[in-house]
Each structure stands twice: as C-alpha cells, then as structure tokens.
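Notes follow the structure.
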Amino acid sequence: MGFELQAYLERIGCDGVPGPSLAALDDVHARHLDRIPFENIDVFLGRPGGLDPESLQARLVRAGRGGYCFEQNTLFATALRALGFAVETLEARVRPPEATAPLPRTHMLLRVEVEGRAYLADVGFGGDGPRLPVPLDGTPREQPDGVYRVGREGGGVCVLRDRHAGAWRDLYAFTLTPALTVDFEVAHHYTATHPESVFVRNLTVQRRGARERHVLRGRRYAVERDGGETAREIADGDLGPLLQGTFGLRLAPDVIRGILSRLP
C-alpha cells in the first residue's frame with residue numbers, strides 16, 4: 001500500500017495539504033507532537049512492530065497509537081516527502097547526563113531542507129525534544145518553553161543542545177552522513193529486543209505540548225510546566241485513564257492489564 005497522506009494529516013489535526021515551506025514544517029512538526037505520543041508499550045510487552053510504511057500507518061495513524069524514535073521519525077519523514085520536502089535520515093548517539101562513555105547510535109533524526117536552509121527535525125525524542133525544527137547552522141531557536149541549538153565538535157560531529165536550568169545541556173550527537181533504512185532496522189531490532197535495552201526493561205510514555213511536558217516512566221508520572229515539575233506515583237486504577245485521557249492512546253483492556261502485570 002502507498003502512504004495515506006490524508007489519513008496522516010487528519011491524525012495530526014491538519015486541514016488541507018500544506019506546501020513545503022518553513023511555516024508548514026513548523027506546523028506539522030508541532031501537530032505531530034501534539035497528537036502522536038512517544039511510547040514504547042508494544043516493546044515493553046515484548047511484541048515490537050516493524051518499520052515498514054504499512055505497519056507504521058496501521059499503528060500510529062489508524063490505530064491511534066504512538067511510538068519511539070524509529071517509528072515516529074520514519075513516519076514523519078515519509079509524510080514530509082509526500083508533502084514535497086527534501087529529507088535525509090540521520091543517526092545519533094544519545095547523551096544522558098549519567099553516561100560515562102559514548103553510547104551506540106540508537107536514535108533517529110531528520111535533516112530537512114526548506115527555503116534554502118537545513119533544519120534538524122525530530123518528533124521522536126520524547127519530552128526533551130524540540131517542539132519546532134532547529135537550524136543546523138548553529139543559530140539558536142526560541143521555542144515556547146526553551147531554546148535549542150545545534151553545536152559543532154571536532155570530526156564533523158554535531159550536538160543538539162537545549163538550555164536547561166540556565167545552562168546548555170547536550171541531548172545527542174550526530175553527523176550529517178545519511179543513514180539507510182537497513183541501519184535503522186538493525187538499531188530498532190537491538191533497541192526493541194535486547195534484554196538490556198532501556199525500552200525493553202522500562203515503560204515510558206511521553207507527550208510534548210506547547211508549554212508543558214508529560215512523562216510517564218514506570219509508575220512515576222511527571223508534568224513539567226513553567227520551569228517547575230510536579231510528580232506522583234500512579235496506582236493500578238489510574239493507569240488506563242491516564243494513558244487514554246492525558247496521552248490520548250487507544251488501548252484495549254488486555255493491553256492495560258499486560259502493562260500492569262509487568263510494572264513493579
């Protein structure tokens with residue numbers, strides 16, 4: 001089956017078919033984050049899906065589900081190309097604050113060329129990712145709840161950074177060498193099946209709004225808003241309403257029961 005562009009646009013709440021402009025890129029990027037949550041439920045339950053267009057449309061578009069970086073950005077890249085954007089897929093090494101050594105390339109992001117300028121686009125990094133695309137030339141971009149920029153290191157390495165608690169924080173490092181579908185299939189297989197993968201071991205569901213971020217990790221549900229955070233532990237009876245209400249996921253009762261059976 002071909003890509004169902006109209007179904008995707010309806011999923012993200014976009015009327016009409018926008019042309020390839022920066023305004024349109026900003027709009028579909030933000031709408032995608034609003035409507036398609038970051039989540040690893042199928043991976044957590046031991047039944048990861050494929051990255052082929054039909055599988056992604058079935059889960060993320062028609063079934064009202066979300067996904068993590070490989071699923072989200074593969075779908076987004078397909079949609080952008082259908083809208084006339086020039087897109088390349090790239091690999092990144094995530095840089096969590098606690099890391100003591102470089103991590104493998106297990107994150108996917110996009111390079112989008114529009115109006116004579118190259119941008120980093122990424123709808124698959126969860127709550128910490130940018131709401132709007134970020135220029136690849138190093139120009140900081142103000143966002144509704146912060147500032148992002150792409151820095152440069154030696155050897156052609158680029159680093160996405162955000163301004164957090166008054167200081168610049170590294171999020172992930174990448175190069176501008178395009179990656180192929182087979183590269184992401186390998187990384188997706190490791191991330192979705194290896195027993196030591198954080199996505200196999202831990203549940204996470206995240207949604208990036210205009211001025212707030214909702215993050216569920218295990219039973220801890222946190223909301224970050226106006227620079228502050230509130231958090232609480234989720235009881236069994238609260239999980240389904242939270243996932244279906246706040247995060248907007250369509251989940252059958254047996255999926256909720258499966259999640260609860262794996263949570264401590």
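Residue numbers start at 1 and run along the sequence shown.
Classification of Arg208 and Asp34 as a salt-bridged pair fails, no side-chain N sitting under 4.0 Å from a carboxylate O. Glu4 and Arg62 are joined by a salt bridge, as a carboxylate oxygen and a charged side-chain nitrogen come within less than 4.0 angstrom of each other. Taking 4.0 Å as the cut-off between side-chain N and carboxylate O, Arg95 and Glu153 count as a salt-bridged pair. Here Arg220 pairs with Glu229 in a salt bridge; the nearest charged N to carboxylate O distance falls below 4.0 Å. The pair Arg131-Asp145 does not count as a salt bridge, with every side-chain nitrogen at least 4.0 angstrom from each carboxylate oxygen.
The salt bridge (Lys or Arg N to Asp or Glu O under 4.0 Å) pairs that include a residue from residues 236-256 are Arg219-Asp236, where partners are two or more places apart or lie in different chains. Counting only residues at least two apart or on different chains, the side-chain hydrogen bond (donor to acceptor under 3.5 Å, both in side chains) pairs with a member in residues 73-87 are Asn73-Asp122.
Closest non-hydrogen pair, Ser21 versus Val114, comes out as C-CG2, 3.4 Å. Leu83 and Pro20 make their closest contact through O-CD, 3.5 Å (heavy atoms, listed as atom of the first residue, atom of the second, distance). Closest heavy-atom contact between Val28 and Pro18: CG1-CG, 4.3 Å. The two residues Ala79 and Phe3 make their nearest non-hydrogen contact at CA-CE2, 3.6 Å. In this structure, Arg141 and Leu132 approach most closely via the heavy-atom pair NH1-CB, 3.8 Å. Phe70 and Thr106 make their closest contact through CZ-O, 3.4 Å (heavy atoms, listed as atom of the first residue, atom of the second, distance).
Using a 4.5 Å heavy-atom threshold, the side chains of Glu88 and Glu113 count as separate. Residues Thr204 and Tyr68 form no side-chain contact, since every pair of their non-hydrogen atoms from C-beta on lies 4.5 Å or further apart. Contact annotation: the side chain of Pro96 approaches that of Leu103 to within less than 4.5 Å [non-hydrogen atoms, C-beta and beyond]. With a 4.5 Å cut-off on side-chain heavy atoms, Leu90 and Thr177 do not count as touching. Residues Glu224 and Thr230 fail the side-chain proximity criterion, which asks for heavy atoms closer than 4.5 Å. Side-chain contact between Arg161 and Val150 is absent, with no heavy-atom pair separated by less than 4.5 Å. A heavy-atom distance below 4.5 Å is found between the side chains of Glu91 and Asp183. Looking only at side-chain heavy atoms (C-beta outward), Thr191 and Cys69 stay at 4.5 Å or farther from each other.
Formation of a donor-acceptor pair under 3.5 Å by the Arg111 side chain with backbone atoms of Thr89 is not found in this model. For Thr139 (side chain) and Pro135 (main-chain N/O), no donor-acceptor pair under 3.5 Å exists by modelled atom type. A donor-acceptor contact shorter than 3.5 Å links the side chain of Asn40 to the backbone of Asn202. Although no hydrogens or angles enter the test, the distance criterion places no donor-acceptor pair under 3.5 Å between the side chain of Ser55 and the main chain of Gly50. Arg207 contributes no side-chain N or O that, together with a main-chain N or O of Arg213, makes up a donor-acceptor pair within less than 3.5 Å. Proximity of a side-chain donor or acceptor of Arg11 to a complementary backbone N or O of Leu60 within less than 3.5 Å is detected.
Clustering of Ile, Leu, Val, Met, Phe, Trp and Tyr side chains at separations under 4.5 Å places Ile259 together with Ile41, Phe44, Leu45, Leu203, Val205, Leu216, Tyr221, Val223, Ile234, Leu239, Leu242, Leu243, Phe247, Leu249, Leu251, Val255, Ile256, Leu260, Leu263.
In this structure, Arg105 places its CZ atom where only 12 or fewer heavy-atom neighbours from other residues, nucleotides or ligands lie under 6.0 Å away. Around atom CZ of Arg262, more than 12 heavy atoms belonging to other residues, nucleotides or ligands sit under 6.0 Å away.
Going from atom CG of Asp42 over to atom CZ of Arg47 covers 5.0 Å, rounded to the nearest 0.5 Å.
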side-chain contact (heavy atoms from CB on, under 4.5 Å) assessment of Arg169 paired with Leu171: CA-CA 6 Å; Arg169 172 181 64 168; Leu171 297 177; 3.8 Å; yes
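Exactly one residue among Phe174, Phe184, Phe125 makes a ring-ring contact (aromatic ring centres under 6.0 Å, His included) with His107. That residue is Phe125.
Val157 is not connected to Val134 by any chain of hydrophobic side-chain contacts under 4.5 Å among Ile, Leu, Val, Met, Phe, Trp and Tyr, and they are in different clusters.
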